[in-house]
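Here is the structure we will look at.
Excluded from the calculations below are hydrogen atoms, water molecules and symmetry mates; all remaining heavy atoms, backbone and side chain alike, are included. We name chains A, B, ... by the order of the sequence lines, and we start the count at 1 in each one.
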Protein chains: 2
Amino acid sequence: MKRARPHASPSRKARPAGAPACDATVRGKLLDAAADLFDRKGYAATTVREIVAVAGVSKPALYYYYGSKEGIYLALMGTAFAQAEQTLVEARESAGSAVGRIFHLCARNYDLFRRNLKVARVMYAIYYGPPQGAPAFDFDAYHLRFQGQLRALLEEGMQAGEVRRMRVEDAMWAVIGALNIAMEVELCHPELSPGPAGLERLLRAVFNGVAVPAARPEKKGVRR
Amino acid sequence: MKRARPHASPSRKARPAGAPACDATVRGKLLDAAADLFDRKGYAATTVREIVAVAGVSKPALYYYYGSKEGIYLALMGTAFAQAEQTLVEARESAGSAVGRIFHLCARNYDLFRRNLKVARVMYAIYYGPPQGAPAFDFDAYHLRFQGQLRALLEEGMQAGEVRRMRVEDAMWAVIGALNIAMEVELCHPELSPGPAGLERLLRAVFNGVAVPAARPEKKGVRR
DNA sequence: CGGCCATCCTACCTACCGGTAAGTATACTT
DNA sequence: AAGTATACTTACCGGTAGGTAGGATGGCCG
C-alpha cells in the first residue's frame, strides 16, 4: 500500500498550470519534446523515457507536471484546440460576402493547421485512425462548431443568391473536402504544399464547378 | 549465437504463400485477427500476444507464417492494395463520357474502401499520421496511379468540352477532396455515411459548382 | 521402418514499458 | 530552528514487449 507523501501532490494530478508555459521551462520543454516525438513516431510508439531524454529532465518530472503520459498528450491537444476555437471566433467577426467569409474561414483554418503541423498530424492519425491507446479527446466539439459555422455561411449565401440551392450538407462537405485535401497534401507531401494561393484556387474550382456549365455529369455513364 | 534449425525456415522469412489464405486456416485467422486489432488499436498499440490470442494459435505460429509483427502488417497492406490496383484496372476499362468515368472511378474506389474499412483505417493513420513503428509501405505507388488516371480523365474531359479549362491539378484535388471527405466521414462517423448516393451528390456539387454561376467568389472579400 | 518435411507448440530470452517511493535542494514562514 | 511548499532527482517496481530454442505431431516417401 502506498503511503501518502506529505509533501507531494496527489499522484494522478498534474500540477496546476501557473504562468504560461514557454520553451525554456521544464513544463515547456516537455511539451515541445512530446509534440515532436508524437509527430515523428505516434503516441503509442513514443515512450516517456524518450520524451524526458529529449527534454533533458528526469522521468518523474513529467509525472510531476502532467500526471501521466496521457496527461501530456491531453495538454498538447487542449492547447492546440483552444487556438483552433479562437480561429472560429475571429472568423465569425469578419465581414464581407458569405462566400468571401467562407474563403476566409477556410484560409484561417488552413493557416493554423500549417503552424501546428506536429499536433495536426497526431490528431489526424487518431481522429481518422485507431485510438492507439491515446485517451479520449473530444475532437468533434471543435469539428461540429466548424461545420456549424460553415453551414450557417452557406445558408446565408443561398439566401443572398451567392450559393446554389442544394442540400446544404452537400455544399458543406464539398468545401470541407477541398480544405481537407489541402491539409492532407501538407501532411504527406509538404513539397507539394498548395499554400494559401493553392487553397484559394482549389476553393474557387469547387465554387465555380469543375464541369463546363452545359455539361451535366452523367448519372449513369458506365456499365456497373 | 543462434544455431540454424535444420528444419525451420530462415528466421526472418515468412512461409511462402501456398494456397490462397481463407479464414479457417491459421494463416487466414492470423490475418483477420491482425486486421481487427490494428483497426481497433493501431499498429504500435497492438501486441503479437493479442493477435495470436484472438486467432487462437501460439505466438511462434505467427512467426512461422509471417516472420515478424512487421511481416503480418505488410501482408495485410499488400493484400488490400493489390485489390485497390485491380479497381484501377477495371475502371480503366469502363466506357462512357470522361466525367461519367470519373464518377465511376470514384464510386469504385469508395466501394472498395468501404469493404476494407479495417485496413483503410490503419492506412489512413499511417499515411497521414506518424509511422508508429510500422515498416515502410509504398502507399504512394497506388495513390500516384490513381491520381494519374484521374488526371488523364480530366484532361480528356477538357478536350471533349466536358470539363472547364483550369489547372488540371486543381480539378484533380477538388475531385479527390470530395472522394476523401466521403471516405473520412465513413471512418469517423459511420452513422453519417454518405453512401454511394451521397458520394454522387457530392461529386455533382463539385462538378456543378457550389456558387451560383453569376456569383464570382470574391478574391479579397474580407480584411486580413 | 526411418528420415524428412511442414505445421504447429511450450517455455524461455533480453530488453523495456509506465509509473512510483523516497529523497534532495531551495525558498519562505512562523 | 523547524516546518512547509515547490521543483526536481535516483533508484526501483511489477509487468510485458517482440522474438527464439527446442520439441511434438502427422503425413509422405524410399
Distance-only side-chain donor-acceptor flag, Gln132(A) / Tyr43(B), under 3.5 Å:
no
Nearest-angstrom distance from the residue atom CZ of Arg49(B) to P of dA17(D)
6 Å
Rounded to whole angstrom units, what separation is found between the NZ atom of Lys59(A) and the C1' atom of dA22(C)?
15 Å
From OH of Tyr66(A) over to P of dA7(D), roughly how many Å is that when rounded to an integer?
12 Å
Please check if any side-chain donor atom of Tyr127(A) sits under 3.5 Å from a side-chain acceptor atom of Glu184(B), or the reverse.
no
Name the closest nucleotide to the Pro60(A) side chain, picking from dG18(D), dT10(D), dT6(D).
dT10(D)
Please give, in whole Å, the distance from dG18(D) C1' to Leu30(B) CG?
15 Å
When you compare the side chains of Glu50(A) and Thr47(A), does any donor N or O come within less than 3.5 Å of an acceptor on the partner?
yes
Nearest to the side chain of Val57(B), which nucleotide is it out of dC9(C), dG19(C), dT6(D)?
dC9(C)
For Tyr63(A) and dT10(D), give me the distance from atom OH to atom C1', rounded to whole Å.
15 Å
With salt bridge (charged side-chain N to carboxylate O under 4.0 Å, His left out) as the test, would you mind laying out the steps for Glu200(A) and Arg204(A) before giving the verdict?
CA-CA 6 Å; Glu200(A) 190 169 317; Arg204(A) 211 175 296 130; 2.9 Å; yes
Rounding to an integer number of Å, can you tell me how far Lys41(A) NZ sits from dC17(C) P?
9 Å
Rounded to whole Å, NZ of Lys69(B) lies from P of dT16(D) at a distance of 15 Å
